[in-house]
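Just below is one structure, and these are the notes that go with it.
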Protein chains: 2
Amino acid sequence: MLDSIIPDPIREQCESKGGMKGIKKKLPGKKELGDQSQVFQALSDPLRLKILLAVVEQPLCVCLIKDILGGKVSDSKLSYHINKLKDAGLIVGERQASWIIYSPTKLGEEAVKVAGKL
Amino acid sequence: MLDSIIPDPIREQCESKGGMKGIKKKLPGKKELGDQSQVFQALSDPLRLKILLAVVEQPLCVCLIKDILGGKVSDSKLSYHINKLKDAGLIVGERQASWIIYSPTKLGEEAVKVAGKL
DNA sequence: TCACCATTTCAAATTTATTTGAAATAACTT
DNA sequence: AAGTTATTTCAAATAAATTTGAAATGGTGA
C-alpha cells in the first residue's frame, strides 16, 4: 500500500511512524472501540444529555427528572432514555421507598466534564 | 412540584440549590445540547471512532483510511462516515493533487483525548 | 388484602441512521 | 480530448433507534 502513488509528504510521514502497520497497531481493538462508542451513543441524544446533566447537578427521582424536562415526555419514553444512560454505565438508580433516585457514576461525571469542552 | 411527596433528603438538597427552578437554570439550552449531542452522535460508531483516531495519529487520504479499516468498507460507505465526522466539525479535508487529506480539527483532537478517559 | 403511586416492560408504529450499488465530479496522465 | 484514479453524490433498500400506549411490577399505606 505504501508504495502505491499517494502524496509524497504523507508517505514520508507514514513511514516515519512505522508505515500503515505501525499506525494500525496504535489504534484500539474492536472491544475498546465498541465500549467507547456505546458511551458516546448514550450521550448522542439531547434529552439524555440533559438528564445526565441534571442528575450531576442533583440526584433525582424519575418524577423530578420529568419535571425538569418540562412535561413533554411520557413516562415510558423517559424510562427508555434513563435505561440507555444506565446501560452505558453513566448513571445508577437506587431505590428509596417508592422512588428510584438516579445519580451519576464516576463515568457519568467524567462525561459531563468532557461535554463542557466540546 | 417540590411540595409534592418526594424523598425528604432529595427535597432538602433541591431546595438548597434554588429548587427545581434553580437546577433547571444551570442546564444548557436547546442549541448547546443539540450541538454537543451531534458531536457525540458522530463519535457513536466504532468505525467513525477508528477513522478519527487514525487521522489524529496521521493525516490521511481516503484510500489510506480505507486501508487502515481493512478492506471491509466500500468507498461510498467510507465517504458517508467521513462526512459525518466532517459535519460534526471533528475533521477537515484538504485537497492535495488527486487526493483529499483528512486531518483532525481542534475539536477532533479534544474528542480523542476525551475518549481515552471513558 | 386492597387500592394507589412510581416506575418499568412490551410490542407495534414511526422515525432516523446506515448500507448498497450505480452514476457523477474532479484532478491528473497520456 | 479521452482515459484513469480518487472521491463524492444519489436514491432505494435495510437496519437500528425512538416513540407510543397499554399492561405489568413493586413498594406503601389504609
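First the proteins, then the strands, lettered A, B, ... as listed; each starts at 1.
- Side-chain proximity of A/W99 to C/dT7, D/dT9, D/dT7: nearest is C/dT7.
- Taking 4.0 Å as the cut-off between side-chain N and carboxylate O, B/R11 and B/D8 count as a salt-bridged pair.
- A straight line from CD1 of A/I65 to P of C/dT7 spans 8 Å, rounded to a whole angstrom.
- Between the CD atom of B/Q38 and the P atom of C/dT16 there is a distance of 15 Å, rounded to whole Å.
- For B/D35, the side-chain hydrogen bond (donor to acceptor under 3.5 Å, both in side chains) partners two or more places apart in sequence, or in a different chain, are B/K31.
- In this structure, the CG atom of B/D87 is 12 Å from the P atom of C/dA17, given to the nearest Å.
- B/Q38 meets the side-chain hydrogen bond (donor to acceptor under 3.5 Å, both in side chains) test with no other residue; sequence neighbours excluded.
- Residues satisfying the salt bridge (Lys or Arg N to Asp or Glu O under 4.0 Å) test with B/K113, not counting sequence neighbours, are B/E110.
- Taking the side-chain contact (heavy atoms from CB on, under 4.5 Å) definition, one finds that A/Q96 meets it with A/E94, A/I101, B/P7, B/P9, sequence neighbours left out.
- As a whole-Å value, the separation of A/E94 CD from C/dA6 P is 19 Å.
- The side chain of B/Y102 places no N or O atom within less than 4.0 Å of a non-bridging phosphate oxygen (OP1 or OP2) of D/dA6.
- Atom pair B/N83:CG and D/dT9:P shows a separation of 6 Å (rounding to whole Å applied).
- Between the CD1 atom of A/I100 and the P atom of D/dT28 there is a distance of 11 Å, given to the nearest Å.
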Close N or O pairs between protein and nucleotides 12-19 of chain D (under 3.5 Å):
residue : atom : partner : partner atom : Å
D/dT18  : OP1  : A/R48   : NH1          : 3.4
D/dT18  : OP1  : A/R48   : NH2          : 3.1
D/dT18  : OP2  : A/R48   : NH1          : 3.4
D/dT18  : OP2  : A/Y80   : OH           : 2.8
D/dT18  : OP2  : A/K84   : NZ           : 3.0
D/dT19  : OP2  : A/H81   : NE2          : 2.4

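- Taken residue by residue, residues 50-59 of chain B places no heavy atom nearer than 4.0 Å to DNA chain D.
- In this entry the distance linking CG of B/L60 with P of D/dT7 reads 10 Å, nearest Å.
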Under-3.5 Å N/O pairs linking protein and nucleotides 23-30 of chain C:
none

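- Put simply, the side chain of A/P46 does not reach to within 4.5 Å of the side chain of B/K30, judged on heavy atoms.
- In terms of the side-chain contact (heavy atoms from CB on, under 4.5 Å) criterion, residue partners of B/S103 (sequence neighbours excluded) are, by chain and number, B/P59, B/V92.
- Scored by the salt bridge (Lys or Arg N to Asp or Glu O under 4.0 Å) test, B/K86 finds no partners at all (sequence neighbours excluded).
- By the salt bridge (Lys or Arg N to Asp or Glu O under 4.0 Å) test, A/D75 is found to be paired with A/K66, residues two or more places apart in sequence or in another chain being considered.
- Pairs engaging residues 47-64 of chain B under the side-chain hydrogen bond (donor to acceptor under 3.5 Å, both in side chains) rule: A/Q13-B/Q58, A/K17-B/Q58, A/K26-B/E57, B/R48-B/H81 [sequence neighbours left out].
- Out of C/dT9, D/dT9, D/dT7, the shortest distance to the side chain of B/C63 is found at D/dT7.
- Distance B/I82 CD1 to D/dT9 C1': 14 Å, rounded to the nearest Å.
- In this structure, B/K21 has no salt bridge (Lys or Arg N to Asp or Glu O under 4.0 Å) partners at least two apart in sequence or on a different chain.
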